[in-house]
Amino acid sequence: MLSYTVYSEAGGVGKTTLAANLAKAEARAGRDVLVIDFDTQEASLSYLLDVDENRSNKEADSLLRHMIDRPRGPFEDLVETSEGIDVVPAHNILEYASKHLQRRAEEAADFGESFNPNKQLLRVLKDAGVAEKYDTLIIDPPASPDIKLHNAIHATRHLVIPFEPSGKGYESVQGLDDIVAGLENNLDIEVGVLAIVPNRFEGLNTQKEFLAEIEAEGWEVPVTFRKRSSLLEGCWNEQCTAYRYIEEFRDRDREHELETLEKFDELAAYIRRQAEVPA
Amino acid sequence: MKQGSTDDPFADDAETNRDTETKPADEEGAARSEAEETDRSEAAAAETAADSASSREATATEASTDESTDSGVDSGSVGKSAGRSLPYIYKRDAVKEGRSQRPVYLREYNEERIVQLVDDVEELLATEVTKTDVLEAAMETAIENPELVVETLKTERYGYDWE
């Protein structure tokens, strides 16, 4: 199973829209896709794909409950489907993931058991047979490094990093390198970067220089996305992927928007090829 | 963190379901206090955003503007600060908001060229732009560049320089 976390330390670089559209590209390629929404923001992937009706339902089961051994039902019942993509939606309880996981760890310690709060997502996914059922797993984590991100990276071992080609974006890739290095040490794992994806690229010279620097450091930049404000705004308004938005809500085809879809397909295919060849 | 693929976490059984390894105490402690810190700030954030209806609206706006604002401002902090001022196109709920309708008298050749202008602007900006925005911006550009207006008025299409 191909698995990766779409993460960027800088906010507002299109993390969630990238995750949703990569998932759609995977589904279009005939693959079974599962997306986990770990983002506590209300404008999250579950909202974008319109599967967030249980977000604030206290009676509802949630992925976090499974991670702390308090499930209310089978894992399969957590999964919602939208546009051919299986999604485990975010639930408001995720905001307290750290508290609940730490508490569970303390309880385990009291009974002489071991429970690493950063490794519970992988356990839940393995128990649920996710690797046997799906071809691709994509996780959309929160936009700040916390216990949910640790679990996401530990479970997927791979990152796709959207970033804005600017001084700040460049620093955020560097900052991410530090965070991940810490995680690799703490969790005893190795993390692979499948792609770095510049977003809102305008072709400015300074931006080209940043991309050159990123590539000079050995990171792969398979595609760049230009600013697509109206397309992405449309997706959030209609709650759908860019593919569906253009097909159903645009009265005429816009050349540059079709190019954007081709780039999502191209990026998804590139990521699949990366994962086939161990570096 | 390295470029490319690494091991498949779902492939091996070396990692047991219950993690049995023990970490050095100081490491564990550091990770824990860091996590608690995050949790506290998350809880605080959750409280302030208690009204879910308004917070939905706020975060939705935040998400779309984060995608699209391009004013060179730090988008990370813009999303969080409360009394920020957004550029016009992100603030309005409708294209006509804050605008008055004005009758403009145009000759046919210009009406045709406005369609072309909108297409050209969209191509250059690589995004969709409404005709209303293009028209007002065109007017604004002229207001700020009277010499260009004079040039146009001197052409045969107007003939102000005609002797």
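Naming convention: chains lettered A, B, ... in sequence-line order (proteins, then strands); numbering from 1 in each chain. As the structure is a computational prediction, the values presented were derived from the model and not from experiment.
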Inset, instruction - Report yes if some heavy atom in the side chain of A:His154 is under 4.5 Å from a heavy atom in the side chain of B:Pro9; otherwise report no. - result: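 The answer is no; the side chains never approach within 4.5 Å.
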Is chain B contacted by the side chain of [X], its backbone, both, or neither, given a heavy-atom distance below 4.5 Å?
X        : value
A:Arg250 : side chain
A:Leu2   : neither
A:Leu149 : neither
A:Leu159 : side chain

Legend entry - Least distance between heavy atoms, B:Lys2 atom then A:Trp219 atom: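 Residues B:Lys2 and A:Trp219, closest heavy atoms: C-CZ3, 3.7 Å.
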Legend entry - A:His256 (side chain) donor-acceptor with B:Glu123 (main chain) under 3.5 angstrom: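 Checking the backbone N and O of B:Glu123 against the side chain of A:His256, no donor-acceptor pair under 3.5 Å is found.
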Inset, instruction - Taking B:Thr6 for its side chain and A:Glu190 for its backbone only, find out whether a donor-acceptor pair lies under 3.5 Å. - result: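 Yes; judged by distance alone, with no hydrogens or angles, the pair exists.
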Legend entry - Donor-acceptor pair between B:Gln3 and A:Glu217 side chains, under 3.5 angstrom: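 Their side chains do not contain a donor-acceptor pair, so the 3.5 Å distance test is not met.
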Are more than 12 heavy atoms from other residues, nucleotides or ligands located less than 6.0 Å from atom [atom1] of [X]?
X        : atom1 : answer
A:Glu255 : CD    : no
A:Phe111 : CZ    : no
B:Glu144 : CD    : yes
B:Glu156 : CD    : no

Legend entry - Per-residue contacts, residues 124-135 of chain B versus chain A, heavy atoms under 4.5 Å: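 Only B:Ala126, B:Thr127, B:Glu128 of residues 124-135 of chain B have a heavy atom under 4.5 Å from chain A.
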Given the options [options], which has more heavy-atom pairs under 4.5 Å with chain B than any of the others?
options                                : answer
A:Ala108, A:Cys235, A:Gly192, A:Ala195 : A:Gly192
A:Ser3, A:Ala155, A:Ser56              : A:Ala155
A:Asn237, A:Leu183, A:Val130, A:Val180 : A:Val180

Legend entry - Those residues that, when tested against A:Phe249, pass ring pair (Phe, Tyr, Trp, His ring centres under 6.0 Å) (two or more places apart):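 Result, ring pair (Phe, Tyr, Trp, His ring centres under 6.0 Å) vs A:Phe249: A:Tyr245.
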Inset, instruction - Enter the distance from A:Arg254:CZ to B:Asp119:CG here, rounded to the nearest 0.5 Å. - result: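 Taking CZ in A:Arg254 and CG in B:Asp119, the distance rounds to 9.5 Å.
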Legend entry - Pairing residues for B:Glu122 by the salt bridge (Lys or Arg N to Asp or Glu O under 4.0 Å) criterion, not counting sequence neighbours: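 Per chain and number, B:Glu122 pairs via salt bridge (Lys or Arg N to Asp or Glu O under 4.0 Å) with A:Arg252.
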Legend entry - Test salt bridge (Lys or Arg N to Asp or Glu O under 4.0 Å) applied to A:Asp39 - qualifying residues, sequence neighbours left out: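 Applying salt bridge (Lys or Arg N to Asp or Glu O under 4.0 Å) to A:Asp39 gives A:Lys15.
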Legend entry - Trace of the side-chain contact (heavy atoms from CB on, under 4.5 Å) decision for B:Met1 with A:Ile161: CA-CA 12 Å; B:Met1 163 163 124; A:Ile161 306 173; 4.2 Å; yes
Inset, instruction - Answer yes when B:Asp7 and A:Arg157 have at least one side-chain N-carboxylate O distance shorter than 4.0 Å, and no when they do not. - result: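 Between A:Arg157 and B:Asp7 there is a salt bridge, with a charged N closer than 4.0 Å to a carboxylate O.
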